[in-house]
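See below for the structure under consideration.
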Amino acid sequence: MKDTLYLVIPCYNEEEVLHETAKRLLEKITNMIENEFISDNSKILFVNDGSKDKTWSIIEELHQENSIFSGVNLSRNRGHQNALLAGLMTAKDFADMTISLDADLQDDVDVIDKFVEQYYNGSDIVYGVRSSRETDTFFKRTTALAFYNLMSKLGVDMIYNHADYRLMSKRALEGLSQFREVNLFLRGMVPLIGYKYSIVEYERHERFAGESKYPLKKMIAFALDGITSLSIKPIRIITGVGFTISFISIIALIYSLIVKFFGNTVTGWTSLTLSIWMLGGIQLLCLGVIGEYIGKMYNETKQRPRFIISDKLIDIDKKDI
Ligand code: UDP
Ligand code: MG
């Protein structure tokens with residue numbers, strides 16, 4: 001008996017791509033079932049992240065046509081990471097393994113077999129890693145690279161060029177379910193689960209229809225979330241800056257006393273204004289960073305639900321593919 005695979009796809013306003021995506025995924029998964037590579041209980045699970053367009057009704061239609069298409073409807077838009085987690089946590093109860101991918105099929109569907117192969121070879125987590133970023137804009141490529149470098153300097157263990165295209169086994173998902181944080185940054189959290197992992201390379205395509213749901217503003221917020229959710233180094237850096245400046249100010253104090261004793265005091269307007277501005281700036285920055293962490297703690301202590309599911313369309317017994 002082969003293992004059950006659930007493909008988990010978060011969707012936010014994806015009416016333009018959903019039919020095509022469903023068609024291609026169905027082809028793929030049917031093929032794998034026919035080749036007895038995965039069990040015929042396997043499913044394609046769409047998570048509707050509070051879309052404002054027809055996404056959910058398309059998912060309902062698909063489910064009616066073929067029960068291999070399943071759906072989870074969130075009560076409102078919660079963002080990609082929460083939607084993905086909702087899907088994974090739902091799939092965890094039925095699946096032996098899940099593969100998460102985007103609705104726009106930017107992630108190459110043809111490497112799914114390789115993911116599953118690695119799973120059968122004993123990997124609990126298989127990371128999809130982009131072999132090239134040629135389809136990205138220059139801006140996205142350089143900012144992404146800078147972000148990965150920064151994250152690794154801050155001590156966050158992340159797989160280079162891996163987004164959220166990955167396979168996770170049931171026990172890896174159970175591990176993930178024990179992470180209670182509200183500020184989700186899955187690609188930084190999954191390596192913390194442990195277990196054996198492997199990497200599969202793939203080419204990332206361009207979105208074939210519709211627009212990116214990750215504008216620059218969301219990308220920056222996501223990066224900041226990633227840093228402050230997983231690393232406390234920025235706070236340490238602040239302490240370091242504080243120490244250095246205090247040290248410099250002691251030297252400055254000694255220097256100014258000496259100068260005063262020798263009677264060479266001049267009206268030090270320049271140095272005075274400079275130091276007021278500089279120190280003021282640094283203090284505000286430090287307060288900002290500390291505030292960011294306090295804000296996070298505030299959110300975490302509230303322990304609000306990370307998602308609320310309003311409908312579920314999953315028939316586990318029917319096997320009509
Ligand atoms: N997405 C989501 N909720 C959101 C934003 C995006 O579920 O609030 C989904 C979206 O439907 C897609 C995936 O997350 O399946 C990745 O989004 P997108 O392709 O727009 O991002 P990009 O590939 O441009 O980084
Ligand atoms: Mg995309």
Side-chain angles (χ1 to χ4, degrees), residues 6-19 21-22 25 43-64 69-95 98-107 163-166 168 173 176-190 207 209-226 228-229 292 295-315:
Y6 270 51
L7 298 177
V8 179
I9 305 118
C11 310
Y12 177 58
N13 295 345
E14 298 285 9
E15 60 180 10
E16 281 169 272
V17 301
L18 215 52
H19 280 293
T21 302
L25 291 178
K43 299 254 184 269
I44 299 168
L45 177 66
F46 293 108
V47 182
N48 175 36
D49 185 18
S51 302
K52 292 178 185 73
D53 62 1
K54 293 201 210 74
T55 301
W56 180 245
S57 51
I58 296 174
I59 296 170
E60 280 178 321
E61 258 168 51
L62 288 167
H63 175 74
Q64 244 148 40
F69 293 115
S70 317
V72 167
N73 193 16
L74 298 193
S75 59
R76 54 160 295 168
N77 180 253
R78 293 291 289 121
H80 173 233
Q81 298 286 296
N82 292 290
L84 182 53
L85 187 75
L88 293 177
M89 291 302 113
T90 308
K92 165 174 79 73
D93 302 331
F94 313 108
T98 58
I99 295 178
S100 45
L101 64 168
D102 288 356
D104 53 15
L105 291 193
Q106 283 188 289
D107 308 318
D164 282 305
Y165 189 23
R166 79 176 83 81
M168 292 179 77
L173 290 170
L176 181 66
S177 72
Q178 291 174 40
F179 285 70
R180 306 299 324 163
E181 57 231 71
V182 179
N183 297 286
L184 290 181
F185 189 70
L186 290 170
R187 66 190 76 165
M189 285 157 66
V190 172
R207 186 179 249 281
E211 277 172 9
S212 171
K213 272 82 193 168
Y214 263 107
L216 183 64
K217 206 173 125 203
K218 263 198 199 173
M219 250 166 59
I220 293 172
F222 187 53
L224 279 181
D225 251 0
T228 50
S229 298
E292 186 74 22
K296 283 260 145 89
M297 275 157 59
Y298 176 59
N299 276 336
E300 296 292 350
T301 47
K302 277 188 290 195
Q303 285 284 317
R304 285 193 178 156
R306 295 175 286 187
F307 50 82
I308 293 171
I309 292 174
S310 65
D311 311 88
K312 255 189 211 176
L313 297 172
I314 304 174
D315 303 338

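Keep in mind that the numbers below use all heavy atoms, side chains included, and drop hydrogens, waters and symmetry copies.
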Heavy-atom distance under 4.5 Å between the side chains of D311 and V72, does that happen here?
no
Shortest non-hydrogen contact between R187 and F222, atoms and distance:
NH2-CE2, 3.5 Å
d(I99 CD1, I44 CD1) to nearest 0.5 Å is 11.5 Å
Measure the spacing between CD of E15 and OG of S57 and express it to the nearest 0.5 Å.
8.0 Å
Approximate separation, where rounding is to 0.5 Å, of L18 CG and W56 CH2
11.0 Å
Does any N or O in the side chain of E300 come within less than 3.5 Å of the main-chain N or O of V182, such that one atom is a donor and the other an acceptor?
yes
Taking the inter-plane angle between the rings of F69 and F46 on a 0 to 90° scale, is it parallel (under 30°), tilted (30 to 60°) or perpendicular (over 60°)?
parallel
Min side-chain heavy-atom separation L74-N82 under 4.5 Å:
no
Can you find a pair of side-chain heavy atoms, one from C11 and one from V47, that are under 4.5 Å apart?
no
For K92 and Y6, which I'm curious about, is there any donor-acceptor pair between the side chains at under 3.5 Å?
no
Between T55 and S51 (side chain of the first, backbone of the second, donor and acceptor by atom type, cut-off under 3.5 Å), is there such a pair?
no
Between K43 and L7, does a side-chain contact (heavy atoms from CB on, under 4.5 Å) hold up when you go through it step by step?
CA-CA 6 Å; K43 299 254 184 269; L7 298 177; over 6 Å; no
Just wondering, do V17 and L105 contact through their side chains at under 4.5 Å, heavy atoms?
no
A22 and L62 have their tightest heavy-atom pair at CB-CD1, 3.7 Å
Do the charged groups of D225 and K296 touch, with an N to O distance under 4.0 Å?
yes
For N48 and N73 the tightest heavy-atom approach is ND2-OD1, 2.8 Å
Give the C-alpha distance, both sets of side-chain angles, the deciding distance and a yes or no for side-chain contact (heavy atoms from CB on, under 4.5 Å) between D102 and I9.
CA-CA 6 Å; D102 288 356; I9 305 118; over 6 Å; no
Closest approach of A103 and T21, non-hydrogen atoms and distance?
O-OG1, 2.7 Å
Just so I know, are the side chains of L84 and L186 near enough to count as touching, which here means a heavy-atom distance under 4.5 Å?
yes
Just verifying a value: how many Å separate S100 OG and L88 CG, rounded to the nearest 0.5 Å?
5.5 Å
Exercise: identify the closest heavy-atom pair between V8 and A91:
CG2-CB, 4.2 Å
Mind listing the closest non-hydrogen atom pair of Y12 and K52 along with its distance?
OH-NZ, 3.1 Å
Side chain proximity check, I314 to F94, heavy atoms < 4.5 angstrom:
yes
Return yes if a side-chain donor-acceptor contact under 3.5 Å exists between D164 and Q81, otherwise no.
yes
Non-hydrogen side-chain atoms of K54 and E61 separated by less than 4.5 Å:
no
Would you sort out whether Q106 and Y165 count as a side-chain contact (heavy atoms from CB on, under 4.5 Å), showing the intermediate values?
CA-CA 10 Å; Q106 283 188 289; Y165 189 23; over 6 Å; no
Is a donor on one side and an acceptor on the other found under 3.5 Å between the side chain of R306 and the backbone of Q303?
no
What I want to find out is whether D49 reaches R78 closely enough, with some N-O distance under 4.0 Å, to be called a salt bridge.
no
Please walk me through it: do E60 and L313 pass side-chain contact (heavy atoms from CB on, under 4.5 Å)?
CA-CA 8 Å; E60 280 178 321; L313 297 172; 3.8 Å; yes
